[in-house]
Amino acid sequence: MALEMKVPSPGESITEVEIAQWLVETGDYVEKDQAIAEVDSDKATLELPAEVSGVITLMAEEGDAVAVGQVVCLIDTDAAKPEGGAVAPAVETPKVEEKKEAPKAAAPAKAETYATGTASPAAKKVLAEKGIDAAQVNGTGKDGRITKADAIAAKPSLGSPGLGSRGESRKKLSMLRRKVAERLVSVKNETAMLTTFNEVDMQPIFDLRKQHKETFKGKHGVSLGFMSFFTLACVRALKMYPAVNSMIDGKEMISYDFQDISIAVSGPKGLMVPVIRNAENLSFRGVESEVKRLAIRARDGQITVDEMTGGTFTITNGGVFGSMLSTPIINPPQSAILGMHNIVERPIVRNGEIVVAPIMYVALSYDHRIIDGKESVGFLVAVKEALENPEELLMDNNVLKALEL
């Protein structure tokens, strides 16, 4: 009996996917729940598991766009599983005796001469260091040979290709990457996006982490990272400035009384943005545990569409890649995004004295259609205040209780 495997629906509103990669070939025996393909939707890359065990016959090619519900392969459930997974030995091709020819007399070696366009040994060395082809140089020596002086005076032609590789490659963008491109262009064209900046003295957080990170990790099994501080600082600021936790729907503005924080994480297929649900109810341990869980699922390609849908605000950390400053693009349909950056020791004034401190630049990009300058600047200042005074504003002056130690 041959079972028709159809494309399941990856999530609401998705009607089509693309076969990114087959993980098996026609004629292979597959086990039930074995991943047989990776499929791209416009929101995520997902694995397609085999519904039953049997011998598979592929019905679509890599790169094909297939509708949800379309048959992509057949699995013969009556086929027996190969014993030991053995593969039929390859048939040896009979060897044809090669006809031996009499050796030809070697051509006499051509004596090297300084003919037209030939460089002297010293000139060759200079041209090689400059990356210039001798054919591009006019020699002034005897019989047109290129002298060392010619090589020194030679300059590479700006209009001619050099000696380096000039190859190129071309590949089709995945459905996910094409959709991301469309969304980013749409955001630039359809929102009144502005960015405001500030700087944060990270020394208080450094001190807290240095004092408690080992105990925190030993008790909870997760590291005390920066993301929990930033997430909880944003939760506090979103409560103070609800316009930042809002969205535009046609002629209406929708505001939320909960904070679902989207966090940008790097996955095998690029940047993904899973959501921490109801972050306002989570502790430092809860945020760090959820960040770790979502990051692992994204890294292993197990993240689902539902886990990346419905955030009300986004945090992205370009600092892990070394970014000093950027203007992050809003994650639609949200209205704002916070950009974190690298931490660099910089001179600042603290208590009237110049000191060296670990400073991070932060950026808030926002939709000016519903968020005014007062709200955007106020929001970012509130985030800064919480990060520079976490013990009072994020921990209620009880560090051990806040960290559940």
Side-chain angles (χ1 to χ4, degrees), residues 183 186-188 190-200 205 226-264 273-284 286-288 290-291 294 306-317 326-341 360-397 402:
R183 286 162 63 89
S186 174
V187 169
K188 296 288 285 185
E190 297 176 7
T191 66
M193 193 176 82
L194 293 178
T195 305
T196 184
F197 305 93
N198 216 316
E199 63 180 14
V200 178
I205 294 178
F226 297 115
M227 189 56 71
S228 55
F229 288 93
F230 275 82
T231 299
L232 296 180
C234 286
V235 166
R236 173 179 176 270
L238 289 170
K239 291 178 179 178
M240 296 171 62
Y241 297 93
V244 184
N245 200 42
S246 303
M247 302 179 189
I248 287 183
D249 183 14
K251 296 182 179 180
E252 297 179 333
M253 172 176 164
I254 305 174
S255 297
Y256 303 94
D257 61 359
F258 57 87
Q259 287 79 39
D260 283 355
I261 307 297
S262 304
I263 54 169
V273 194
V275 181
I276 301 177
R277 307 288 180 189
N278 290 105
E280 74 278 4
N281 296 330
L282 297 180
S283 62
F284 283 84
V287 173
E288 293 293 353
E290 189 67 358
V291 168
L294 293 171
D306 290 340
E307 288 175 307
M308 294 190 291
T309 304
T312 62
F313 181 82
T314 295
I315 301 174
T316 180
N317 185 6
S326 68
T327 55
I329 297 180
I330 297 170
N331 179 20
Q334 298 172 19
S335 298
I337 179 172
L338 179 76
M340 302 166 56
H341 301 92
M360 176 191 287
Y361 294 143
V362 289
L364 179 76
S365 293
Y366 60 98
D367 189 346
H368 207 351
R369 293 178 299 169
I370 60 172
I371 302 173
D372 292 329
K374 178 182 177 181
E375 282 81 14
S376 61
V377 174
F379 176 91
L380 200 54
V381 169
V383 170
K384 170 185 170 69
E385 290 172 344
L387 296 173
E388 293 184 340
N389 190 8
E391 189 170 342
E392 178 184 348
L393 300 180
L394 298 180
M395 298 177 167
D396 198 22
N397 289 313

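Quick caveat: nothing in here was measured; it's all calculated off a predicted structure.
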Partners meeting side chain to side chain contact (heavy atoms under 4.5 Å, CB included) with [X] (sequence neighbours left out):
X      : value
Glu290 : Ile276, Arg293, Leu294
Ser228 : Leu224, Phe284, Val287, Glu288
Ser255 : Ser246, Met253

State, to 0.1 Å, how close [X] and [Y] come at their nearest heavy-atom pair, and which atoms those are.
X      : Y      : value
Asn397 : Glu392 : OD1-CA, 3.5 Å
Ile261 : Ala279 : CG1-CB, 3.7 Å
Ser335 : Ile371 : O-CD1, 3.6 Å
Thr191 : Val187 : OG1-O, 2.6 Å
Pro390 : Ile205 : CG-CG1, 4.2 Å
Ser326 : His341 : OG-NE2, 2.7 Å

Euclidean distance, Ile254 CD1 relative to Asp249 CG, rounded to 0.5 Å: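 Spacing of CG (Asp249) from CD1 (Ile254) equals 4.5 Å.
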Enter the distance from Glu199:CD to Met360:CE here, rounded to the nearest 0.5 Å.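 Answer for the CD-CE pair, Glu199 versus Met360, is 12.0 Å.
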Under 3.5 Å, sequence neighbours excluded: what are the donor-acceptor pairs made by side chains of residues 229-245?
residue, atom, partner, partner atom, Å
Thr231, OG1, Met227, O, 2.7
Arg236, NH1, Ala382, O, 3.3
Asn245, OD1, Thr312, OG1, 2.8
Asn245, ND2, Tyr256, O, 3.2
Asn245, ND2, Phe258, O, 2.8

Contacts of type side chain to side chain donor-acceptor pair (under 3.5 Å), residue [X], not counting sequence neighbours:
X      : value
Ser283 : Glu404
Arg369 : Asp367
Glu280 : Asn278
Ser365 : Thr195

Not counting sequence neighbours, list each pair that qualifies as a salt bridge (charged side-chain N to carboxylate O under 4.0 Å, His left out) and has a residue in residues 255-264.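 The answer is Asp260-Arg277.
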Quick one: which residue pairs count as a salt bridge (charged side-chain N to carboxylate O under 4.0 Å, His left out) with a foot in residues 379-388, not counting sequence neighbours?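 Qualifying pairs: Lys384-Glu388.
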Let me see the working for Ile263 and Asn317 under side-chain contact (heavy atoms from CB on, under 4.5 Å), right down to the final yes or no. CA-CA 8 Å; Ile263 54 169; Asn317 185 6; over 6 Å; no
Provide the full list of ring-ring contact (aromatic ring centres under 6.0 Å, His included) pairs with a residue in residues 364-396, sequence neighbours left out, each pair given once. Phe313-Phe379, Tyr366-His368
Partners of Glu375 by salt bridge (charged side-chain N to carboxylate O under 4.0 Å, His left out), sequence neighbours excluded?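 Salt bridge (charged side-chain N to carboxylate O under 4.0 Å, His left out) check on Glu375 returns nothing, list empty.
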